[in-house]
Structure formats: C-alpha cells, structure tokens
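Note that the coordinates shown come from a computational prediction; the quantities given were computed from them, not determined experimentally. Indexing begins at 1, ligand by ligand and atom by atom, following the structure's order.
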Amino acid sequence: MSFDYDLFVIGGGSGGVRAARVAAQGGAKVALAEEDRYGGTCVIRGCVPKKLMVFASEYSGMVEDAQSYGWDIQPGAFDWDKFKSKMHAELDRLEGVYRNILGNNGVETFDQRAMLADAHTVELADGTKKTAKHILIATGGRPSLPDMPGIELAITSNEMFHLEKLPESILIIGGGYIACEFAGIMNGMCVQTTQYYRGAQILRGFDDEARGLVSEEMCQRGVDLHLGTNILEMRKEGDKIWVKATNGDEKLFDQVMFATGRAPNSDGLGLEALGIELGRKGEIVVDQYSQTAVPSVYAIGDVTDRANLTPVAIREGMAFVETVFKGNPTSPDHELIPTAIFTQPEMGTIGLSEEDAREQEPIEVYATSFKPMQQSFAGRSERVLMKLIVSQATRKVLGCHIVAPGAGEMIQLAGIAVKMGATKEDFDRTVAVHPTMSEELVTMKTPTRTG
Ligand code: NDP
C-alpha cells in the first residue's frame, strides 16, 4: 500500500518539530500539521518567554545590589510595554526559526488542526485527507482549571505573556513549577503578589529542605505566600476581582492566575474511535517506544504525560525516529532527569529527594546552607543550599539539590556526574573551584544526617 507520507506529525512543538526534522533528514517523506504557532508551549507560551520574564524581573533587585558595590545608580521604572514588545519580537523570530527548520528539511506543513480518521489517515480541518505509514501525535498540553464560581475571571500562564498592563496586585493559585515561577516574576516586577497553595509546602515532590528554603526566600523577597489555603469563589467588583479564601480572607486583586496543573491535548483527535487508550487525565497511553495501542500511531511529549519537560519531549521524538525510521529500537531514558525551577532563588535538582531516598535504602545526607559572598556583601540575608544524598551501600550520589542563583546551570553539570553514577568519593576527588557557591558540593566532609 502506498501512502502520501512516511510520517505525519500532529503538533509543531519541540517534540513534533524535532521528530519531523530528524525523520526528514534521514530521507523520510514527512508532513506536519499545527493549528497554532510553531514552537509550541515551550517557545510560544512557556519556557522561553517565562525565562525572559524571569530575567526582566531580576533586574529590580540588581540596582540596590549595584549601589552596595559602589555604583551610583538610581532605580527607574519598569516599562512593561517596551519589554513585552521586545519579548514578542523574539518569539516571532523563534517561530520563524522553527518554520525554517521544517521547510529547509523538506517537511510539508499544514497550518491547521488535524485529527485521525483511521490508523493511517489524517483529516485536516479543511476536510483534506492525507495518508501516512506512521502518525505521530505531539499535541502537548494546556492549563487546566478547577470548576468554581467565578472561574471565568481567572487567567492562566498563557495570558501572562499578553497582559495589557502589569497589574498592581495579583493572586496566584497553585504551588507547582508554574505558580512559583510566576510568583517570583510578578514580585520582581514590583506587582503585589499573593500566592495560595492548598498543601503544607510548595513544590510538592521535591526535596523538603530545598523547597522549604525556596518558600522561605520567596517570602523574604516579598511574596505573600499562604500555605494550606485555597480559593473558594471569585466575582467581579468594579475593575477588581473579589476573592474568598478557605482561611476566611476576602480580598480584592487586579488579576487572579491559576497554575493548577496541565491537561494533555488529546480531545477531538479521534483517538477513542480508533481504539487508542487514554489514561485518567486524558493522556495517551504508550509503550516504552512511544507506540500506542494502534501500531501505526505513536505519541510523544506532554500529551503522554510522562515527564512534562521540553528536553524530554525532544528525546522522545528522537527515540521514536531511531526506532521507526532507523531500525534501532530505542526507548527514551526517563531515569535521573535533571531539572530546574526558575523560582527566585532558583532550584536545580536531580535524582531522589532525601525523603524518597530514605524510603529506598540507608543514606548519608550532606547539606550546607549559607549566605553566598555576592549577596551577603550587598547586605542581603539570602541563603543558598547545596545538598547531596548518598547511598551508604554503594556510595553513589542518589540525589543532588541546589537552591541558589544559577542553580539551573549548576545542576546541568552536576547532573552529568550523577547520571554517570558518581560516588561521594568521586565528588570529593574533584578539586574545588574557588571562590564559588558550588564548590561546597565537593568539600562537604561530614554527613549532616545518616539513616
Ligand atoms: P503542577 O502539576 O506542577 O502543579 C499544579 C499545582 O496546582 C500543584 O501545586 C497542585 O496542588 C495545585 N492544584 C491542582 N489542582 C488544584 C485545585 N483544584 N485547587 C488548588 N490547587 C490545585 O503544574 P504546573 O501547572 O505548575 O506545571 C505543569 C508542568 O509543566 C510541571 O509539572 C512541569 O512538568 C512543567 N513545567 C516545567 C517547568 C520547568 O522545567 N522549569 C516550568 C513550568 C512547567 P497539589 O500539590 O496539592 O496537587
């Protein structure tokens, strides 16, 4: 049977574009459909603009620090419009890069929604049908909001990049990556920032000591964080939003942002009719090669809800191409993924938290928390954390957790050692780079705790 394409990719985000490009480079005839902008969540409404906003927000504290270092400069106002238009120009540029990558590699693109008509047929929104030997679903995810009175007044991270003006006050709901990152951004942009998190401590699932420090420092820097608190209802009051919280508080905010998790984009793709299994959250169920229950259909990235991170989606896409087009069955490696949370201060982490490691086996914990030189000289009381979790039996470093400016950059490198199976003694054999914060990772001699 002959098909129009060897591969039809639905979704032009990080994972889909990478798979399409690599398959096309290998000689496959490839098409890709994207209903929105190319680049997906990461480039258009996620990692990239978020990080630009983190950078923008961090300058607010830098003027004071510079003064402490002898600079005669005065703080000025932050011009949101100027920053926003520059940020969007950069996103336009990046979208162009993504389109060019596809075009230059001979991938045919369709700027419209697509769904599956059968195991080898994709139907585009205009009714056109295209056949393909393999179909790859890489449609990502979207913010999910709880049902509650007044929810239509809320915004999500999607809208944060398009605010007409910076609010004077904002309430952020949630305690995950997105809520905590935006709390830092808004606070840094001098917006009065309140955060409600329903649980006992933000960033559930990460190392307790690390998230405790992030939480403490966020509060120090001015985020009005309420733990064990959730929102009950909202209503419009003049040009503000009135909010009632579970702790009895009733307050007015200019904006209310929900960061209460993300849902896989698996609706309306014709999946159930084809017999493709969906999980409880709507995620596409795949095997270790990203193959669905229908052998010609594969899925990668956030729509499969494995590890919802851009570099993971890219690797899943590469493994798919390796498996299907290069005759080399490869499953993406989801073990020991380093990750950073761009809170202020940043957190970088890989491997097991102290709590999870202790459940697994006897461990030694090496941790140090201190005031780093640069900030302490500037008169700030901020602390950083460097922490290693070590297996007593194998001496391997099971987890590394860093809370510090630049922790994302640090964990990328420490991650290589941990992924290689480095022992505590391997860390110790490495000469310290002095004076740095991360040198503590190779100079901690005595366990802080064992057990
Ligand atoms: P998360 O799933 O990480 O966090 C959702 C938060 O919302 C949790 O604190 C959760 O509380 C809370 N929540 C869920 N439902 C409700 C509700 N009904 N009422 C109140 N609170 C609720 O989702 P995010 O949206 O923050 O991020 C999604 C994913 O995106 C992340 O898991 C990550 O994979 C990825 N991401 C990665 C980034 C990075 O690498 N730096 C940055 C941003 C996103 P509870 O803990 O009690 O369940």
Side-chain angles (χ1 to χ4, degrees), residues 13-15 40-55 140-151 154-161 171-185 194-206 208 210-211 214-215 218 225-234 243-247 256-265 280-283 301-314 316 334 337-350 402-403 407-409 411-412 415:
S14 306
T41 298
C42 172
V43 176
I44 303 299
R45 61 193 85 81
C47 324
V48 173
K50 177 277 307 283
K51 188 109 192 244
L52 290 172
M53 285 177 74
V54 170
F55 288 141
R142 61 180 188 285
S144 86
L145 291 90
D147 202 11
M148 57 165 288
I151 193 69
I155 58 171
T156 68
S157 55
N158 286 350
E159 288 75 46
M160 292 299 282
F161 309 110
L171 170 65
I172 296 178
I173 311 292
Y177 281 75
I178 298 180
C180 296
E181 291 180 342
F182 273 104
I185 290 169
T194 307
Q195 183 179 356
Y196 290 170
Y197 173 52
R198 64 184 178 182
Q201 185 54 280
I202 55 168
L203 298 172
R204 182 166 62 82
F206 293 99
D208 275 357
R211 63 203 186 110
V214 171
S215 160
M218 281 172 63
L225 173 63
H226 297 255
L227 298 171
T229 305
N230 209 348
I231 184 169
L232 279 175
E233 58 172 310
M234 287 185 282
V243 169
K244 184 162 186 196
T246 48
N247 63 2
V256 178
M257 183 194 111
F258 274 66
T260 44
R262 293 177 63 84
N265 279 332
R280 204 174 48 87
K281 282 176 68 183
E283 73 276 18
D302 288 7
V303 75
T304 61
D305 195 30
R306 285 176 278 180
N308 298 332
L309 300 166
T310 299
V312 174
I314 289 174
E316 289 167 357
H334 291 112
I337 297 171
T339 181
I341 306 143
F342 294 99
T343 36
Q344 299 177 33
E346 248 169 69
M347 172 155 137
T349 176
I350 183 169
I402 302 174
V403 178
E409 303 289 347
I411 203 67
Q412 179 68 82

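Put simply, the side chain of Glu181 does not reach to within 4.5 Å of the side chain of Val54, judged on heavy atoms. Using a 4.5 Å heavy-atom cutoff, the side chains of Cys180 and Tyr197 are not in contact. Counting only heavy atoms from C-beta outward, the side chains of Thr156 and Arg142 never approach each other to under 4.5 Å.
Note that the CD1 atom of Ile151 and the CD atom of Glu233 stand 12.0 Å from one another [nearest 0.5 Å].
Using a heavy-atom distance under 4.0 Å as the criterion, the protein contacts of ligand 1 are Lys50, Pro146, Gly174, Gly175, Gly176, Tyr177, Ile178, Glu181, Tyr197, Arg198, Arg204, Asn230, Ala259, Thr260, Gly261, Arg262, Asn308, Leu309, Thr339, Ala340, Phe342.
Looking at Ile231, Ile173, Leu232 one by one, the single match for side chain to side chain contact (heavy atoms under 4.5 Å, CB included) with Val243 turns out to be Ile231.
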- Task: Please test Phe161 against Phe182 for ring pair (Phe, Tyr, Trp, His ring centres under 6.0 Å), starting from the C-alpha separation and ending with a verdict.
- Result: CA-CA 11 Å; Phe161 309 110; Phe182 273 104; 5.7 Å; yes
